[in-house]
Amino acid sequence: MEIQHEGLKAWIAEAAGITKPDRIYLCDGSAEEDARLKKEAIATGVFHTLDEQKWPGCLYHRSHPKDVARTEGRTFICTKTKRDAGPMNNWMDPAEAKAMVMPLFDGCMKGRTMYVMPYVMGPIGSPYSRVGVEVTDSLYVVISMRIMTRMGKAALEMLGTDKPFVKGFHSLGDLEPENKYILHFPEEDAIWSIGSGYGGNALLGKKCHSLRIASFQAKNEGWMAEHMLILGMEAPDGEVTYMAAAFPSACGKTNLAMLESPLKEQGYRVWTVGDDIAWLNVGPDGRLWAMNPENGFFGVAPGTSANTNPNALNTVTKNSLFTNVLQGKNGEVWWEGMDVPPPSDGTDWLGNPWTPGNGVNGAHPNSRFTAPVSQCPTLSPKWQDPQGVPISAIIFGGRRARLAPLVYQSYDWNHGVYVGATMASEQTAAAEGKVGVVRRDPMAMLPFCGYHICDYLAHWIDMGQKISHPPKVFHVNWFRKDANGKFLWPGFGENIRVLAWIAERTKNAGKAVETPIGYIPTKDGLMLEGVNVSDGALEQLLAIDPADWKQELAEHKEFLAKFGEDLPKGIMEQYEKLVSRLEK
Ligand code: OXD
Ligand code: MN
C-alpha cells in the first residue's frame, strides 16, 4: 500500500517533523493488522484480555482516571474571527492556538510509533462519504478507529491522488488535564488533539470530524451534520418510516436506535441505522436523506441490560472493546445496571480490587463499549445504502422531569426548528459538569457545532426552503416524573408506541389535539394495550401546565436574548407565536 497523494505525504512528513516518532506506520485496516496491533497492545498493557469463550475477540481498557469523558472546557473552535465560533464555543485565534499547543506536540512521539490512519466516514462508494486521516501515537485509538470508521486501504483509495481530507493530528501527550487541548480549525479542515485518549476527544473521526468540522462544511455546502440517531420504524403493513432523533449525550439515543419492540407480533419493530451521528442531504426527490457516517457504536455501558437494551448487549458479545467497566476476575466484564449478578471479585475501573457491595462503583458512569455496527441484531438492511434513508420525522428530546409532554408535534418546519433550538435536558455524566442541572442544548449540538450557533440555526431555517418535502418535527420526553419523583412512562421498548404515533402523523393520520405548544396525541391516539400506564399517569404525561410553560417561556427569552442581533428572525418569530398561543 503506497500513498499516491502528494498533499497527504507532505502532511505526514510535517506531523512527523513535529512529533519526531521513531517509526511511522501506515494502517491498512486489515484483519491481520488488527490482530497484530492487538497483540502488541496487550503486551504493552494498553488492553487486557477477557475470557475468549464468553467474550470472543473482546478486550478491556482502563483509561487514565482523569481522562474519562469529553472535556468541553478544553475544546476550542479556532476560526479567524471570534464571532465565527459563536457564543457557545471556546475560541482561540488559529495562529495563537497552534503556537500555544505546538510545544506540547514537539517531540511528543520520541521513542514511539506514529500511526497514520486514513478513514472514511460513511459507506464506501457513497457520494456523501468523506475521508479523513488521523495520525496518533495511541494503539487504543487505532484499534478503536478500525471499529468506528472504515479505516485503511479503502480510504486511501478513495483519497486518490488529490481528493480533500480532514487532517487529524493526535497524541496522548502526558495526559495531564492542564495539557489537554482539542482544537478545531474548520477553515482548514484540521483538528489538533493532545492530552486525551478518550473517545470523543481522541477518535477524531467521531465528534471532531463528523460533527464539528462536518457541520461547518455542511453549512457551506447545503447539507446537515447532526447529533442524531437514525432508525426505521416498521408498521404492520410492512412500511418502514425512517426517523432521525437528537437527544443530548447519554439520554438514550443508543437505546432508542436499537429498540426491542414488545409489539413485534403485532408487526411493529425498529431497524437500526445509526445511534449517534446523521449526515443529511436533500435528495433529487426533495426529501431529506440520512446516512450514518460511523461504522461502530461507542455506547455508555452502565444501565445497558437485557431489559433496557438487549440488542446492544447482543451487539457487544464479540469483537468489542470495553473501557472503564468492571473487569471480573474470570475475564468477564460487568457494569452497574447490567441486571445480572456481579462477579464475586474483580478490578474496578480505577484498577482497585473490587467486591460487590464494597461501596464504590465497579464501572465509571461514563464507561463505554465500542462495537461494530454490523453486529447489531436489529441492523437495517439499508444501513450502508449509498443514498442513505429517506427521513419522514425528526425527533428532538431530552430529560425533563417536568414540563415537556411525552410527545408533541410541531406545527411546521420553522416551529420544529424553534423546538430544537430551545430544547433542554438535565445533565448527565457523558461530559464534565454538574449532573442534574438543566442545560439548554440546541439540537443536542451545543458541544458539537463547529461554528456560530445562530448561523447554524439560520442554516436549519434555510434548509426548510431547500427541502420540498420536509420531515415533520417532533419532541419527546421519556423522563417525566410524578409528584413523588417516579417516572410516569416505562420507556425503553415501550417507546415504540410513541414512534408508532409519530409514523402515523407523518402520513397525516394519528389522532391528535391542537395545543399551544403543538399537536399532542389524544388519550386514545396512542396504542396503550398491554402497557402499564394508568389513566392518571397518561393525563400527567400529556399535560401542558400553564405555570410551568410560563416559566419555560421566560427561560427561552433569557436564553435567546444572549444571542442579540445574531439570532435569526425566524426563531424570534416562533417565540412570539408561542407566547401568543400560550396567552390565549
Ligand atoms: C457521545 C457523546 O459519546 O455524545 O456520543 O458524548
Ligand atoms: Mn453523542
Side-chain angles (χ1 to χ4, degrees), residues 61 63 67-75 88-89 121 140-141 144-145 147-149 182 184 193 196-215 224-231 244-258 272-279 290 292-304 309 312 315-316 320-325 335 363-371 373 376 395-399 420 423-433 435 439 441-450:
H61 172 77
S63 80
D67 189 32
V68 294
R70 287 181 293 98
T71 38
E72 291 171 14
R74 315 290 301 179
T75 301
M88 314 277 246
N89 283 312
M121 298 314 298
Y140 173 78
V141 167
S144 300
M145 281 286 281
I147 297 177
M148 295 305 297
T149 71
I182 298 100
H184 302 74
S193 168
S196 171
Y198 175 78
N201 293 336
L203 311 181
L204 300 185
K206 192 175 178 64
K207 303 299 189 180
C208 301
H209 177 166
S210 293
L211 287 176
R212 297 195 191 96
I213 299 290
S215 63
M224 305 165 90
E226 299 296 332
H227 190 202
M228 289 178 174
L229 68 90
I230 309 164
L231 62 78
F247 309 150
S249 304
C251 285
K253 286 211 306 297
T254 304
N255 290 347
L256 187 64
M258 298 182 188
T272 309
V273 179
D275 81 324
D276 195 41
I277 300 177
W279 283 0
N292 173 12
E294 299 192 280
N295 191 48
F297 302 118
F298 179 64
V300 178
T304 304
N309 193 341
T315 303
V316 305
S320 300
L321 311 174
F322 296 95
T323 304
N324 292 342
V325 300
W335 47 81
H364 184 275
N366 192 39
S367 55
R368 298 275 178 153
F369 55 75
T370 311
V373 171
C376 179
I395 306 172
F396 294 118
R399 286 172 191 269
M423 71 189 244
S425 189
E426 288 144 22
Q427 204 152 303
T428 67
E432 290 185 336
V435 172
R439 98 165 166 175
D441 187 350
M443 279 78 173
M445 283 289 276
L446 180 67
F448 305 119
C449 183

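In each ligand, atom 1 is the first atom listed, and ligand 1 is the first ligand listed.
Take the Mn ion (ligand 2) and draw a sphere of radius 2.8 Å; the protein N/O/S atoms inside it number 3.
Of all atoms in ligand 1, listed by their number and element, those nearer than 4.0 Å to a heavy atom of Phe448 are 4 (O). Residue-ligand proximity, Lys207 to ligand 1, at heavy-atom distances under 4.0 Å covers atoms 1 (C), 2 (C), 3 (O), 4 (O), 5 (O). In the vicinity of Asp276, heavy-atom distances shorter than 4.0 Å reach the ligand 1 atoms 5 (O). Within ligand 1, counting atoms from 1 as listed, the ones closer than 4.0 Å to a heavy atom of Ser249 are 2 (C), 4 (O), 6 (O). Taking a cut-off of under 4.0 Å to the non-hydrogen atoms of His227, the atoms of ligand 1 that pass are 4 (O).
At least one heavy atom of Arg368 sits less than 4.0 Å from an atom of ligand 1.
Close N/O approach between Lys206 and ligand 1 is not found [any backbone or side-chain N/O within under 3.5 Å].
Relative to the six-membered ring of Phe448, Lys207 meets both conditions, a distance below 6.0 Å and an angle of at most 45° to the axis.
Looking only at side-chain heavy atoms (C-beta outward), Phe297 and Met258 come within less than 4.5 Å of each other. Looking at Ile147 and Leu321, their side chains come closer than 4.5 Å, going by heavy atoms from C-beta outward. At least one side-chain heavy atom of Val316 sits under 4.5 Å from a side-chain heavy atom of Phe322. Considering only heavy atoms from C-beta on, Met88 comes within 4.5 Å of Pro442 through its side chain.
Centroid-to-centroid, the aromatic rings of Tyr198 and Tyr140 stay 6.0 Å apart or farther.
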